Amino acid sequence: MAAREADAGGKVTITEIARQAGVSVPTVSRVVNGRSDVAPQTRARVEDLLRRHGYRKRPAAPGTRAALLDLVFNSLDSPWAVEIIRGVEEVAHAAGVGTVVSAIHGRSGGAREWMRNLRSRASGGVILVTSALEPTLHDELRILGVPLVVVDPAGSPALDAPTIGAANWSGGMAATEHLLSLGHRRIGLIAGPPRLLCSRARLDGYRAALEGAGIAPDDSLVVPGDFRPESGFTACGLLLGLPEPPTAVFAASDQMALGAIEALRRRGLRVPQDMSVVGFDDLPEVRWSAPPLTTIRQPLADMGKLAVRTVLRLARGERPDSPRVELGTDLVVRASTAPAPTAG
């Protein structure tokens, strides 16, 4: 009879087994995975609890094909997420693999509810996008033998999970260097949430470009946002309220750039004649904005495609070529940037 992953009520967790055994979660993981570096008495105690609760590593024969993947987002209220899903679905469909899409941080207890559902449906792999699991939940994935790939990690990536991201630092630098090449010297940044690695990398790229041009970064020109249009609108208003406003703005997401353009429009200012604006992502709709947006193209769909290929390799027992992959970003010049206005 195949081993169950949890008791009939689905309530037992790896953390609870470790607590009952009086050991750490990694010790339970070592027992389940047949490691020899566990004392015999400890091993017997843990194995007894695992048998009683029916919480064992799911058996997987070499070469077994995953039938279902979990794609997990922090939230699903952005066209950015749609582009990731598009790439994931394309490769998963071609491989005959189903996809379950979830958002886990929009509600209380969302991550634990998702984990309960995952155990019941025997997912063949998890793709975690711009989010972070509690350490105990990550331990449960490991002990269940569910492969994990992290796309655009929110914080320091887990050492045992491959990560896929974009060249955010060079993208931030390219956006800023483009504005510098147009003669702008006072350039504002609408930054992303500082807790995210991608936000910090884009900020660092912006600062590096300024320093490379001999311009000391001015903290008053950096206003945080949350990647949504509303925060771009608000941040641009703050930049315009400075005693000496910038002549150009680099927004760390396309949606914030669109919010900034709306803030300028409502003040009777023109883009790019009065202020140039650069975004980041190259979402499909920005080529139809007024004016079409100059932006940094982030290969979102390609990141999703590579994530599926990587998690399927892990499910087959293969190792990825690299634990950390960064896909390139490109500057796409459209009509929202122009030479800096001359002093009148």
Side-chain angles (χ1 to χ4, degrees), residues 73-84 103 105-106 129-132 152-155 165-176 178-179 184 186-210 217-242 245-267 269 271-272 274-283 285-286 289 293-298 300 329 331-332 336-337:
F73 290 87
N74 199 41
S75 65
L76 290 169
D77 58 353
S78 166
W80 178 93
V82 174
E83 289 300 296
I84 297 280
H105 290 308
V129 185
T130 316
S131 189
D152 226 357
N168 291 292
W169 184 88
S170 61
M173 189 171 187
T176 310
H178 171 64
L179 294 170
H184 296 278
R186 192 161 173 81
I187 301 170
L189 172 66
I190 302 176
R195 63 182 178 81
L196 298 181
L197 284 177
C198 62
S199 300
R200 299 198 295 271
R202 293 169 199 178
L203 170 61
D204 289 343
Y206 159 84
R207 287 174 171 162
L210 292 176
D218 182 347
D219 288 343
S220 71
L221 291 175
V222 178
V223 182
D226 62 7
F227 290 152
R228 294 180 174 85
E230 296 83 1
S231 68
F233 181 93
T234 300
C236 188
L238 294 173
L239 291 170
L240 291 171
L242 293 173
T247 61
V249 169
F250 164 38
S253 79
D254 283 350
Q255 288 201 299
M256 293 196 300
L258 295 178
I261 289 173
E262 178 61 15
L264 291 163
R265 186 191 68 80
R266 293 193 188 184
R267 287 164 174 79
L269 298 174
V271 176
D274 298 312
M275 183 176 287
S276 289
V277 178
V278 178
F280 199 110
D281 286 327
D282 196 28
L283 298 175
E285 63 263 33
V286 301
S289 62
L293 184 67
T294 295
T295 188
I296 299 296
R297 177 178 292 148
Q298 182 176 199
L300 297 170
T329 52
L331 174 70
V332 181
S336 68
T337 52

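Note that this is a predicted model, so its numbers are computed, not measured. When a residue number appears, it is its place in the shown sequence, counting from 1.
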Pair Leu240-Leu269, side-chain contact (heavy atoms from CB on, under 4.5 Å): steps then yes or no: CA-CA 10 Å; Leu240 291 171; Leu269 298 174; 3.9 Å; yes
Residue pair Phe227, Gln255: steps toward the side-chain contact (heavy atoms from CB on, under 4.5 Å) verdict: CA-CA 6 Å; Phe227 290 152; Gln255 288 201 299; 5.8 Å; no
Asp77 and Arg228: CA distance, side-chain angles, deciding distance, side-chain contact (heavy atoms from CB on, under 4.5 Å) verdict: CA-CA 9 Å; Asp77 58 353; Arg228 294 180 174 85; 3.0 Å; yes
Audit row: Leu197, Asn168, side-chain contact (heavy atoms from CB on, under 4.5 Å) steps and yes/no: CA-CA 9 Å; Leu197 284 177; Asn168 291 292; over 6 Å; no
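Ring geometry for Tyr206 against Phe250 counts as tilted: the plane angle lies between 30° and 60°, on a 0 to 90° scale.
Among Leu264, Ile261, Thr247, the one residue that satisfies the side-chain contact (heavy atoms from CB on, under 4.5 Å) test with Met275 is Leu264.
Leu196 has its side chain out of reach of Asp152: every pair of non-hydrogen atoms, C-beta onward, lies at least 4.5 Å apart. For the pair Glu285 and Pro79, the minimum side-chain heavy-atom distance is below 4.5 Å.
The two residues Ala252 and Gly192 have their closest heavy-atom pair at CB-N, 3.8 Å. When all heavy atoms of Val286 and Ser289 are compared, the pair lying nearest together is O-OG, 2.9 Å. The two atoms that bring Leu239 and Pro246 nearest to each other are O-CD, 3.6 Å, heavy atoms only. Across every non-hydrogen atom of Ser75 and Ala81, the tightest pair is O-CB, 4.3 Å. Pro194 and Arg200 get closest at one heavy-atom pair: O-NH1, 2.9 Å. Looking at every heavy atom in both residues, Val277 comes nearest to Leu293 through O-CD1, 3.8 Å.
With rounding to the nearest 0.5 angstrom, the OG1 atom of Thr176 is 9.5 Å from the CG atom of Leu203. How far CZ of Phe233 is from CG of Leu238: 10.5 Å, rounded to the nearest 0.5 Å. Between Leu331 atom CG and Asp282 atom CG the span is 10.0 Å, to the nearest 0.5 Å. In this structure, CD on Gln298 lies 10.0 Å from OG on Ser253, to the nearest 0.5 angstrom. For the atom pair CD1 (Ile296) and CG (Asp281), the distance works out to 10.5 Å, reported to the nearest 0.5 Å. The distance from atom CG of Leu283 to atom CZ of Arg297, rounded to the nearest 0.5 Å, is 11.5 Å.
Among residues two or more places apart in sequence or in another chain, the salt bridge (charged side-chain N to carboxylate O under 4.0 Å, His left out) test is passed with Arg267 by none. Remark: Asp226 pairs with Ser231 by the side-chain hydrogen bond (donor to acceptor under 3.5 Å, both in side chains) rule, at least two apart or across chains. For Thr295, the side-chain hydrogen bond (donor to acceptor under 3.5 Å, both in side chains) test picks out Asp254, with sequence neighbours left out.
A donor-acceptor pair is defined here as one N or O able to donate and one able to accept, closer than 3.5 Å; no such pair exists between the side chain of Thr294 and the backbone of Val278. Looking only at distances, no side-chain donor or acceptor of Ser276 sits under 3.5 Å from a matching main-chain atom of Ala248.
A donor and an acceptor atom, one from each side chain of Thr337 and His178, are located under 3.5 Å apart.
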